[in-house]
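Atoms within each ligand, like the ligands themselves, are counted from 1 in listed order.
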Amino acid sequence: MIKYVLTKDYSDMSRKAANILSAQILLKPDSVLGLATGSSPLGIYTCLAERCKKGDLDFSRITCVNLDEFRGVARESEHSYYRFMHYNLFSRINIDINRTFIPDGSIENADEACEEYERILTSVGEVDLQLLGLGHNGHIGFNEPAAVFSKGTHYEELTESTVRANARFFTSEKEVPTQAYTMGIRNIMSAKRILMVVSGADKSAIVKRAFFGDTTPNVPASVLQLHRDVTVIGDASAFSEIADLI
Ligand code: GLP
């Protein structure tokens, strides 16, 4: 079942999503959180860090598993998702770094990298709350449009649209890695609860396709229609094409 929360703008969306994550952490201090990168969750991470600093949130028993990482990018690289998570969240909260996990993009051998991450996912157990953003082509994590829904952690060739969307984090589009390791759709769907955040008019068409169109691997996020507990928090621009439907 999908619940929609319409918010005014990015900062309203971020605070409301942070409220849901905060409630999860308060009610289950040893939660396993599935985390995402991209611009959409940044405001949430700032809110969570502020609340932790004030003493309102305690991450000391929390475990975090991230969705994805660029392949061929060293952890120390300024472009790695590892660095993104450490800079934007982990270094700002009282989490035990040994309980934070991100696929290792520096492992060349794809089978090895994916098997290692699957082992980690199995060892941390069920994800209590999985945070997601939404790609312009409907990708979640780095699960690109495909003929079938992916299962476990795997390697993806990124589409042109995804490379272009990620280019804003690099000096030029040519520098954007074209391959990634990502949790699969089965991993994502195994989470107890899913929280997606979407913002901006450029996401309005894909929001409608993903949640009011057919469930198809060609729009990976559409699989969320089959999950029992999904909340989508969007700002007015991202929800403009579904405002009359929710
Ligand atoms: C990237 C990430 C996704 C993210 C998506 C949307 O490709 N791998 O996990 O959800 O982009 O990003 P943004 O929130 O910046 O629009």
Protein contact of [atom] - nearest heavy atom, named by residue and atom, plus distance:
atom                    : answer
atom 15 (O) of ligand 1 : Arg168 NH2, 2.4 Å
atom 6 (C) of ligand 1  : Leu134 O, 3.7 Å
atom 7 (O) of ligand 1  : His139 NE2, 2.9 Å
atom 4 (C) of ligand 1  : Thr37 O, 3.9 Å
atom 12 (O) of ligand 1 : Gly38 CA, 4.0 Å

With a 4.5 Å limit on heavy-atom distance, are the side chains of [X] and [Y] in contact?
X      : Y      : result
Asp229 : Ile194 : no
Ile102 : Met85  : yes
Met189 : Leu224 : yes
Leu129 : Val32  : no

Of the backbone atoms (N, CA, C, O) and the side-chain heavy atoms from C-beta on, which set of Ser39 has a member under 4.0 Å from an atom of ligand 1: side chain, backbone, both, or neither?
both
Please state which part of Asn166 comes within less than 4.0 Å of ligand 1, counting heavy atoms only: side chain, backbone, both or neither.
side chain
Phe70/Tyr155 aromatic ring centres below 6.0 Å
no
Pull out every atom of ligand 1 sitting under 4.0 Å from any heavy atom of [X], numbered as shown with elements.
X      : answer
Gly133 : 10 (O)
Tyr81  : 1 (C), 2 (C), 8 (N)
Phe142 : 7 (O), 8 (N)

Determine the interplanar angle of the Phe90 and His86 rings, folded into 0 to 90°, and report it as parallel if under 30°, tilted if 30 to 60°, perpendicular if over 60°.
perpendicular
Could you go through Arg75 and Ser106, starting from their C-alpha distance and side-chain angles, then the distance that decides it, and tell me whether this counts as side-chain hydrogen bond (donor to acceptor under 3.5 Å, both in side chains)?
CA-CA 7 Å; Arg75 297 205 137 164; Ser106 68; 5.7 Å; no
Pick from Thr216, Leu226, Thr215: which one makes a side chain to side chain contact (heavy atoms under 4.5 Å, CB included) with Phe149?
Thr215
Does [X] come within less than 4.0 Å of ligand 1, judged by its heavy atoms?
X      : answer
His136 : no
Glu144 : no
Gly141 : yes

Closest to atom 9 (O) of ligand 1 (judged by heavy-atom distance), picking from Leu132, Leu131, Asp68
Asp68
Please check whether Ser40 reaches ligand 1 - meaning an N/O of the residue sits under 3.5 Å from an N/O of the ligand, judged on distance alone.
yes
I'd like to check whether Lys203 has a polar contact with ligand 1, where a contact means an N/O of the residue lying under 3.5 Å from an N/O of the ligand.
yes
Under 4.0 Å between a Lys/Arg side-chain N and an Asp/Glu carboxylate O for Asp58 and Arg61?
no
CG of Asn88 to CD1 of Ile44: how many Å apart, nearest 0.5 Å?
12.0 Å
